[in-house]
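Worksheet: one structure, shown below.
Start at 1 with the first residue, then count along the sequence.
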Amino acid sequence: VPEDRPKGTEVGTLLAVDPDPSDTHTFKLQGGADKASFKLTGNKLLTNAVFDREAKDTRQLLIRVTDNGGAYADFPLTITITDVNDAPTDITLDNDTIAENQPVGTVIGTLAAIDPDTNDTHTFTLAAGTGDTDNASFTIEGKELKTAESFDHDTKDEYSIRVKVTDSGGLSFEKVFTINVTDLAENQPPTGILLDNNIVIENQPIGTTAGNFSVVDPDATDTHTFTLTTGTGDTNNASFTIEG
């Protein structure tokens with residue numbers, strides 16, 4: 001009998017082999033380890049459970065056949081559970097974190113399917129649906145999830161993708177993953193300095209505030225110090241000081 005069939009599925013018809021060809025017979029589920037999983041209606045053997053081949057691929061019964069003269073015999077019977085393709089039940093990703101600024105095509109992690117059919121094969125694709133917001137930022141090659149762009153943690157640190165796994169029989173399962181982008185371990189340099197005022201009135205006393213500096217930095221939570229430095233454009237450094 002195939003797995004996953006509902007209770008009451010007919011397995012087969014019992015027939016007695018009897019030296020008395022004119023005898024009639026009755027059948028009874030006499031025992032066996034799996035007696036409770038079956039029932040008899042006349043000489044029809046029916047299921048009384050839903051079977052999972054992956055859990056157990058045979059069931060054992062003991063059938064008693066009694067003829068119209070009251071003579072009986074008990075016979076063991078093995079019922080084989082045949083395989084039916086089961087859909088995958090889950091998808092795993094062995095890593096969901098990537099450092100920022102990695103090149104396009106960087107491998108983030110490896111996908112795997114959870115499937116009751118342990119010997120099944122699977123293909124993985126990015127799927128449309130709830131949670132597919134950032135699918136375009138990634139690709140899947142075989143079982144590997146890869147980047148399709150270079151990420152900046154300070155711009156966006158979480159990406160949502162929807163992945164579909166399809167087994168060899170065409171059954172599928174979909175799952176949403178969150179991919180985290182981490183800040184680089186090393187500090188990134190500031191990319192700009194801003195001064196809110198670059199005009200000072202003549203004849204002001206030494207120590208007059210000309211303006212306030214601020215910084216442009218990819219590390220948004222960083223702190224900063226400002227100093228006058230030597231190099232191109234330092235002609236008048238000596239005429240100024242920086243405090244804070």
Side-chain angles (χ1 to χ4, degrees), residues 52 54-55 83-196 212-229 231-233 242 244:
D52 177 7
E54 283 68 38
D83 196 20
V84 172
N85 186 38
D86 296 297
T89 57
D90 199 6
I91 303 171
T92 62
L93 178 62
D94 66 359
N95 180 61
D96 61 3
T97 301
I98 184 171
E100 64 179 341
N101 300 331
Q102 301 303 305
V104 172
T106 297
V107 176
I108 299 169
T110 301
L111 296 157
I114 306 299
D115 193 325
D117 302 312
T118 54
N119 295 321
D120 218 342
T121 57
H122 304 89
T123 56
F124 298 90
T125 54
L126 291 162
T130 302
D132 69 351
T133 312
D134 302 303
N135 278 13
S137 298
F138 300 85
T139 60
I140 294 176
E141 293 184 15
K143 296 181 179 181
E144 292 182 332
L145 178 66
K146 297 183 176 183
T147 62
E149 63 179 74
S150 183
F151 301 122
D152 177 9
H153 170 271
D154 300 296
T155 301
K156 185 174 181 178
D157 61 3
E158 283 189 356
Y159 290 76
S160 179
I161 61 172
R162 187 178 184 91
V163 178
K164 179 179 181 180
V165 58
T166 305
D167 69 13
S168 58
L171 299 180
S172 63
F173 176 85
E174 298 182 12
K175 185 175 181 178
V176 175
F177 290 91
T178 298
I179 307 301
N180 300 288
V181 178
T182 60
D183 205 359
L184 284 175
E186 66 270 22
N187 183 38
Q188 297 183 85
T191 58
I193 302 174
L194 306 176
L195 179 62
D196 65 359
N212 292 289
F213 289 112
S214 60
V215 67
V216 180
D217 192 325
D219 301 310
T221 59
D222 226 342
T223 57
H224 306 88
T225 57
F226 299 86
T227 55
L228 290 161
T229 187
T232 302
I242 296 176

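- Nearest approach of S172 to A87, heavy atoms of both residues: O-CB, 4.3 Å.
- Aromatic pair Y159/F177: ring centres not closer than 6.0 Å.
- In this structure the side chain of S150 never reaches within 4.5 angstrom of the side chain of Q102, judged on heavy atoms.
- When the side chain to side chain donor-acceptor pair (under 3.5 Å) test is applied to E149, the partners found at least two apart in sequence or on another chain are S137.
- Residues L194 and F213 form no side-chain contact, since every pair of their non-hydrogen atoms from C-beta on lies 4.5 Å or further apart.
- In this structure a side-chain-to-backbone donor-acceptor pair under 3.5 Å is missing from D132 to I161.
- Under the salt bridge (Lys or Arg N to Asp or Glu O under 4.0 Å) criterion, K143 pairs with no residue at all, not counting sequence neighbours.
- Between F151 and N101 the shortest side-chain heavy-atom distance does not fall below 4.5 Å.
- Between T178 and D96, every side-chain heavy-atom pair lies at or beyond the 4.5 Å cut-off.
- Taking the ring-ring contact (aromatic ring centres under 6.0 Å, His included) definition, one finds that F124 meets it with nothing, sequence neighbours left out.
- With E100 contributing its side chain and H153 its backbone, the two residues share a donor-acceptor pair below 3.5 Å.
- When the side chain to side chain donor-acceptor pair (under 3.5 Å) test is applied to S168, the partners found at least two apart in sequence or on another chain are D120.
- Under the rule for a side chain to side chain donor-acceptor pair (under 3.5 Å), D117 has no partner lying at least two apart in sequence or in another chain.
- Taking the side chain as every heavy atom from C-beta outward, L145 and I179 approach each other to under 4.5 Å.
- In this structure, CD1 in I140 is found 11.0 Å from OG1 in T110, a value given to the nearest 0.5 Å.
- In this structure, V181 and K156 approach most closely via the heavy-atom pair CB-O, 4.0 Å.
- For D90, the side chain to side chain donor-acceptor pair (under 3.5 Å) partners are K175, not counting sequence neighbours.
- Judged by distance alone, with hydrogens and angles left aside, the side-chain atoms of D134 form a donor-acceptor pair with the main-chain N or O of S160 at under 3.5 Å.
- I108 places a side-chain heavy atom less than 4.5 Å from the side chain of F138.
- Residues V163 and L126 meet the side-chain proximity criterion, which asks for heavy atoms closer than 4.5 Å.
- Looking at every heavy atom in both residues, H122 comes nearest to P88 through CD2-CG, 4.0 Å.
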D157 vs N180, side-chain contact (heavy atoms from CB on, under 4.5 Å): CA-CA, chis, key distance, verdict: CA-CA 6 Å; D157 61 3; N180 300 288; over 6 Å; no
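- Using a distance-only test at 3.5 Å, with no hydrogens or angles considered, no donor-acceptor pair links the side chain of D183 to the main chain of D154.
- The OG1 atom of T118 lies 10.5 Å from the CG atom of D86; values are rounded to the nearest 0.5 Å.
- D167 has its side chain out of reach of T121: every pair of non-hydrogen atoms, C-beta onward, lies at least 4.5 Å apart.
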